[in-house]
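Down below is the structure, laid out as structure tokens.
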Amino acid sequence: MVNHVYIHIPFCIRKCNYCSFVSGFSPKYTGDYLKALLYEIKSRYKNDAINTLYFGGGTPSLLSPSDIEVILNNFNISKNCEITLEVNPETVEYNKFKQFRVLGINRISLGVQTFNDSLLKLLGRLHTQFDIISSLDIIHDAGFDNVSIDFLYGIPNQNEKLLEFDIKKALNLDVTHISTYGLKIEKNSFFYTHPPKNLPDDDIQANMFTLICKLLRNNNFEHYEISNFSKSGFNSRHNLCYWRNENYYGFGVNASGYENNIRYKNVSDIKKYMENPILRDEEIILTNNQISEDEIMLALRLKDGIDIEKFNDKFKIDFLKKYKPVIEKYCRLNLMKLENNHLKLTEEGILLSNEILCEFIS
Ligand SMILES: C[S@@+](CC[C@H](N)C(=O)[O-])C[C@H]1O[C@@H](n2cnc3c(N)ncnc32)[C@H](O)[C@@H]1O
Ligand code: SF4
């Protein structure tokens, strides 16, 4: 059974300077893209009951309510399904969002990035601080009470004071969830070919992350995953399916999915996708060992860590014995801890998560 769906919508009004996602395509191709997307869904979806569905992008909030309706009509949506829409502040309009709500969208993920207008401009964003506040008002008025906001830290010219201002401002807003990402300069982005000046170095980024954790944890946000914080009861159920290594469909150009031990990625070229929407760039049948390693990497991102008993039952191994040297090393360094038969990263360990997680991979 596959109970989770990711749908990729690659259109944006303009490409941001730091973005390397398969995104930024002109919305004028929406009609042709939707034809391809519906073909892919009809060919592959097996009518399983869907518990979470996520419209990611790109800018899915550029779609019209009737586009969303046509897509949703293809799925057997469970009663309490979490349906998330990624939204850019400059695309928010009351009537449209009211209709989105009526159609069943019940969670918004708003790309704030920062409240600082000059940093927003430097990032190539189309919105201002004013747009963020007014779009949030509209989103709430339209009936959404589960709203997440995305922040970037480590932006060129940003310092800890500016970041602190951003987070404190966020704490005064009515939001249930906050995601924070350290800015990465990715290949295929404008910043990669035109490196920006005054990029905070790794140490400053680490200090910024520590500051974010402190401010959010002290204000009743649970740090439930490395990059994610939520008010009680508002974890992202969709993203939890990834970290719990559950099956999910990925539909749309460049979408990834995981079904019956197969990880796949659809073609990343939008023209090729529209010509043949069931074409894939990658399809890997995972071995039992690969599945167990994925599960370790993903579970260690979560506050609750790895449930050792469940893991041993599933993979018929003795986890503590197999990974004894690495577990002992990081527990001694106070970067990991064993608690109630769960292995987890400590607050200090989260800062070095990339290095630590790699050591569980053969
Ligand atoms: C898929 S993106 C797009 C969502 C939406 N279109 C927007 O721009 O807000 C989702 C999130 O990924 C993060 N992101 C995108 N590019 C990044 C980069 N180069 N480094 C770190 N985070 C990035 C941003 O915080 C963004 O809100
Ligand atoms: S960051 Fe968001 S709005 Fe900007 S180009 Fe990427 S997907 Fe589009």
Side-chain angles (χ1 to χ4, degrees), residues 6-30 33 54-63 84-92 105 107-116 119-129 131-132 135-136 139 147-156 158 163 166-167 170 175 177-196 199-202 204-206 208-209 212 225-229 236 238-239 242 250-256 265 268 270 301 353-354:
Y6 174 82
I7 298 177
H8 192 71
I9 306 295
F11 307 109
C12 300
I13 301 173
R14 187 175 77 191
K15 187 92 180 171
C16 304
N17 293 336
Y18 58 94
C19 184
S20 68
F21 287 88
V22 174
S23 66
F25 293 99
S26 164
K28 72 179 182 200
Y29 298 111
T30 303
Y33 183 77
Y54 194 103
F55 289 100
T59 310
S61 51
L62 285 173
L63 293 181
T84 305
L85 185 78
E86 273 185 0
V87 171
N88 283 43
E90 68 277 9
T91 63
V92 177
I105 290 175
R107 185 171 182 273
I108 296 293
S109 171
L110 184 72
V112 167
Q113 318 312 345
T114 168
F115 286 102
N116 184 299
L119 297 187
L120 284 169
K121 200 164 172 203
L122 196 150
L123 290 170
R125 300 291 289 180
L126 283 168
H127 66 262
T128 59
Q129 169 171 193
D131 299 325
I132 298 167
S135 64
L136 269 170
I139 288 167
V147 182
S148 176
I149 52 180
D150 280 1
F151 274 108
L152 285 173
Y153 61 93
I155 301 169
Q158 191 182 39
L163 177 73
D166 272 352
I167 302 299
V175 296
H177 189 280
I178 298 180
S179 303
T180 62
Y181 303 108
L183 179 72
K184 289 202 200 106
I185 305 297
E186 305 274 14
K187 265 192 184 167
N188 300 327
S189 69
F190 177 81
F191 276 168
Y192 189 78
T193 44
H194 302 77
L199 199 62
D201 64 22
D202 288 353
I204 299 177
Q205 263 213 17
M208 287 178 164
F209 181 67
I212 292 171
E225 193 272 344
I226 292 178
S227 309
N228 288 280
F229 302 79
S236 161
H238 182 79
N239 288 341
Y242 301 147
F251 295 117
V253 64
N254 199 49
S256 305
K265 195 164 78 61
S268 55
I270 191 165
R301 297 187 61 88
S353 57
N354 288 342

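A quick note: this is a predicted structure, and the numbers were derived from the prediction, not measured. Any value given below was found using the heavy atoms of this structure, including those in side chains, with hydrogens, waters and symmetry copies removed. Just so you know, ligand 1 is whichever comes first in the structure, and atom 1 is the first atom listed for that ligand.
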Can you list the atoms of ligand 1 that are under 4.0 Å from a heavy atom of Gly111? 9 (O)
Measuring from atom 12 (O) of ligand 1, which candidate in Phe11, Tyr18, Tyr192, Phe21 has the nearest non-hydrogen atom? Phe21
d(Leu85 CG, Arg107 CZ) to nearest 0.5 Å is 11.0 Å
So, taking the atom named CG in Leu136 and the one named CD1 in Ile108, what distance separates them when rounded to the nearest 0.5 Å? 10.0 Å
Measure from atom 10 (C) of ligand 1 to every heavy atom in Leu152, Ile9, Asp150 and give the option owning the shortest one. Asp150
Short side-chain to backbone donor-acceptor contact, Asn228 and Ser179, under 3.5 Å: no
On the 0 to 90° scale, with breaks at 30° and 60°, tag the Tyr242-His238 ring pair as parallel, tilted or perpendicular. perpendicular
Would you say Ser109 contacts ligand 1, with heavy atoms under 4.0 Å as the rule? no
Ligand 2 atoms in contact with Gly58 (distance to a heavy atom under 4.0 Å): 7 (S)
Just by distance, do the side chain of Glu90 and the backbone of Arg125 share a donor-acceptor pair under 3.5 Å? no
Proximal ligand 1 atoms for Gly182, defined as those under 4.0 Å from one of its heavy atoms: 20 (N), 21 (C)
For atom 1 (S) of ligand 2, closest protein heavy-atom neighbour: Tyr18 OH, 3.4 Å
So how far is it from Leu163 CG to Ile212 CD1, rounded to the nearest 0.5 Å? 4.5 Å
With respect to Val87, which candidate in Ser148, Ser109, Ser61, Ser135 satisfies the side-chain contact (heavy atoms from CB on, under 4.5 Å) definition? Ser61
Should we say atom OH of Tyr29 is surrounded by more than 12 heavy atoms from elsewhere, each under 6.0 Å from it? no
Tyr33/Phe11 aromatic ring centres below 6.0 Å: yes
Around atom CG of Asp202, are there more than 12 heavy atoms of other residues, nucleotides or ligands at under 6.0 Å? no
Strictly under 4.0 Å, does any heavy atom of Gly58 approach an atom of ligand 1? yes
Are the side chains of Leu126 and Asn88 in touch, meaning some heavy atoms are under 4.5 Å apart? no
May I ask you to list the atoms of ligand 1 that are less than 4.0 angstrom from any heavy atom of Leu183? 20 (N), 21 (C)
Once you restrict to heavy atoms under 4.0 Å, what part of Asn88 touches ligand 1? Side chain, backbone, both or neither. side chain
Using a strict 4.0 Å cut-off to heavy atoms of Tyr181, name the atoms of ligand 1 that fall inside it. 13 (C), 21 (C), 22 (N), 25 (O)
Could I get the full list of ring pair (Phe, Tyr, Trp, His ring centres under 6.0 Å) partners for Tyr18, not counting sequence neighbours? none
Under 3.5 Å: N/O of Glu86 near N/O of ligand 1: no
Have a look around atom 4 (Fe) of ligand 2 and list protein N/O/S atoms under 2.8 Å, or say none. Cys16 SG
Proximity of Lys15 to ligand 1 by residue part, where a heavy atom lies under 4.0 Å: neither
Closest heavy-atom approach to atom 18 (C) of ligand 1 among Arg125, Lys184, His8, Gln113 is made by Lys184
Donor-acceptor check, side chain of His127 to backbone of Val112, threshold 3.5 angstrom: yes or no? yes
for atom 1 (C) of ligand 1, nearest protein heavy atom and its distance come out as Gly57 O, 3.0 Å
